[in-house]
Undergrad: 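My questions will all concern the structure given below.
Counting begins at 1 with the first residue of the sequence. Remember, it's 1-based here, ligands and their atoms both numbered in the order they're listed.
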Amino acid sequence: MILMKFGGTSVANSEAIQRAISIIGSKLDERPIVVVSAMSKVTDMLYRIADMAAAQDEAQTSLLLEQLRERHITVASELLANSGHMLNEAISEINNICDYLEKVVTSVCALGELSARSKAIIISRGENLSSTIIYHAMNASGIDTELIDARQMIITSGDTLIGDPIFDEINNRVPGIIEKGYKGMKAVITQGFISSTIDGEPSVLGRGGSDYTASLIGMAVDAKRIEIWTDVDGVRTADPRRVEGTKCLDKISFEEAAEMAHFGAKVLHPLTIEPAINKNIPILVLNSTNPQHPGTSIMGNDAIADGVKAVSWKEDILLINIFSPKMINATGFVQKVFKVFRDYNVSVDLISTSEANISVTVAGQQNVDQVVEHLSQFAEVHVFTDKSQVSIIGKNVINYGDVLQRLMNALKGNNLYMISQGASNINISFVVDRIDLTAIVNTIHSNLFAQQS
Ligand code: ASP
Ligand code: MG
């Protein structure tokens, strides 16, 4: 079996869906399990609808709900123009989903109160809509397909809106459900992103979670491969919107991909790698508008060469410096500091320490005021804003040739606030002024890649 996940842009309209279906059709002998995202921009719209409903903006919410219904009915009509009864069925299912959505939104509007449960219900409808349409379109084009409700398979605990998948539960449930769905069929399709708690309450995996759904199901069925179909040719050496001369990587390791996803590259949901590592299942990132391109394979470390693979960054971060002479020769200080971060649920990215100093970076949008206030009771604390964090990622990057020297050459003349290199030898990260970010990542990229090959 293989997993084939199509992201929002790969199912954005009827042509994109046709393209996706013909890609699926060419792989039926490998028994595809298709996972689909909502059509592009739909989830954004649903989040907006949820917020507007909470603000009791009835006029705006009903306008957006109407647009949503219309867009899906139009796409279904284009795809199923020649299959009358299927079109009727699809339209009536789209209407059911939209009617229910409207009902929930109306009651949120009436109360002006948005519970996590209502929000989970609202934001998950995009995948319900897209999967219904694509399911009918696959059947109409001769691929006998069963639609499976992802909420039976992906079980989460913890936060309803960023659910934490329970691997054992998923491993137990999924194979039987897929096997049953496959009876007499050529393919099965299910929704990305959406899940439920063990009690059957609605939940979701968080933004971009459809990749994660695909790898969770891939893990549970021991898939041969997990294909992530997007609108780019694969994982690149840097984000081409910011850096010139980037190249597509033909293969990277799970660890490299995880670091890249975590440190700013937006190709994969960062948690996607973990279930795949568990079973050593390769993940392929492929382009649905250019399916001949080999894309990028993400696989076990053994098949991967040493060296720099990518430059990634987080543009908006805060650097927090915690200074205390009491730290010198004292035990327990570090624990005391990090307990404060934990207590306020602020997650720390990079850490670097010296005898009397601890420097950490945190995402710019996190609220650190309380942390700073609390830390200030026992240490001197400085928060630096307008900073960016840049990471160089690659297997054995630190031992590889003169990477460090080239890096330092590229950074000449810029302020460097912190350097951190994990013992994993896979990433070197540092903090610079945000205003210099574009120039720095371009110089680093050209220094590291132009001369490397
Ligand atoms: N539709 C969801 C989102 O936009 C999940 C996904 O597409 O991966 O975040
Ligand atoms: Mg995505």
Undergrad: Quick one: does Gly7 get a heavy atom under 4.0 Å from ligand 1?
TA: no
Undergrad: Looking only at distance, does Ser37 have an N or O less than 3.5 Å from an N or O of ligand 1?
TA: yes
Undergrad: Does one side chain, of Thr197 or Asp199, offer a donor that lies under 3.5 Å from an acceptor on the other?
TA: no
Undergrad: Tell me, please, whether Tyr417 has Lys387 positioned over its six-membered ring: NZ or CZ under 6.0 Å from the ring centre and within 45 degrees of its axis?
TA: yes
Undergrad: Would you mind listing which atoms of ligand 1 come within a distance below 4.0 Å of any non-hydrogen atom of Arg207?
TA: 3 (C), 4 (O), 9 (O)
Undergrad: May I ask whether Gly126 has any heavy atom positioned less than 4.0 angstrom from an atom of ligand 1?
TA: no
Undergrad: When you compare the side chain of Met39 with that of His72, does any pair of heavy atoms fall below 4.5 Å?
TA: yes
Undergrad: Indicate whether the side chain of Thr246 and that of His445 have a donor and an acceptor atom separated by less than 3.5 Å.
TA: no
Undergrad: If we only count N/O pairs under 3.5 Å, is Phe193 in contact with ligand 1?
TA: no
Undergrad: Compute whether any side-chain donor of one residue and acceptor of the other, for Ser131 and Gln191, lie under 3.5 angstrom apart.
TA: yes
Undergrad: Just by distance, do the side chain of Ser312 and the backbone of Ile392 share a donor-acceptor pair under 3.5 Å?
TA: no
Undergrad: If the cut-off is 4.0 Å to any non-hydrogen atom of Glu127, which atoms of ligand 1 fall inside it?
TA: 1 (N), 2 (C), 5 (C)
Undergrad: Which residue supplies the protein heavy atom nearest to atom 6 (C) of ligand 1, what is that atom called, and how far is it?
TA: Ser210 OG, 3.2 Å
